[in-house]
*Asks:* 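Would you mind keeping the following structure in view while I ask a few things?
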Amino acid sequence: MATSAGRKTVGVSRGLMMRCDICYAQVIADKLTDEKNFVIDADTLFDTICCGCTDINRLLIDDMAGSAESRPLLISHFWMPGFSCRN
């Protein structure tokens, strides 16, 4: 499982995205960030992401893409025995 140890962050429209050293170096080399380390072109940013960084940023990526896949995960994370959404 991917961990956040040793990762660097870049700002995106929905928060901070953690990147490994290799992905972060690629972002800097492609000049995707401004002077405040914020990325405006998220599509290009997604083209430079490795599998480990994709896994650790899955909820943020799904949120930015408008995917509903992350919502059941968040709901199940806060599920409590005896609680029903139909109440």
*Asks:* Of all residues at least two apart in sequence or in a different chain, which pass the side-chain contact (heavy atoms from CB on, under 4.5 Å) check with D34?
*Replies:*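 For D34, the residues satisfying side-chain contact (heavy atoms from CB on, under 4.5 Å) (neighbours in sequence not counted) are K36, F38.
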*Asks:* Going from CD1 on I40 to CG on L45, what distance comes out if it is rounded to the nearest 0.5 angstrom?
*Replies:*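 With rounding to 0.5 Å, CD1 (I40) is 12.0 Å from CG (L45).
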*Asks:* Test your reading of the model: is there a side-chain donor-acceptor pair from N37 to the backbone of G11, 3.5 Å cut-off?
*Replies:*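 No: the side chain of N37 does not pair with the backbone of G11.
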*Asks:* So do the side chains of M17 and I49 get within less than 4.5 Å of each other, counting heavy atoms only?
*Replies:*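 With C-beta onward as the side chain, the pair touches.
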*Asks:* Side-chain donor-acceptor pairs under 3.5 Å in residues 18-28, sequence neighbours left out?
*Replies:*
unit_1, atom_1, unit_2, atom_2, d
R19, NH2, T48, O, 2.7
R19, NH2, T48, OG1, 3.3
D21, OD1, K8, NZ, 3.0
Q26, NE2, D30, OD1, 3.1
Q26, NE2, D30, OD2, 3.0

*Asks:* Of the non-hydrogen atoms in L16 and L60, which two are nearest, and what is the gap between them?
*Replies:*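 Closest approach of L16 to L60: O-CD2, 3.5 Å.
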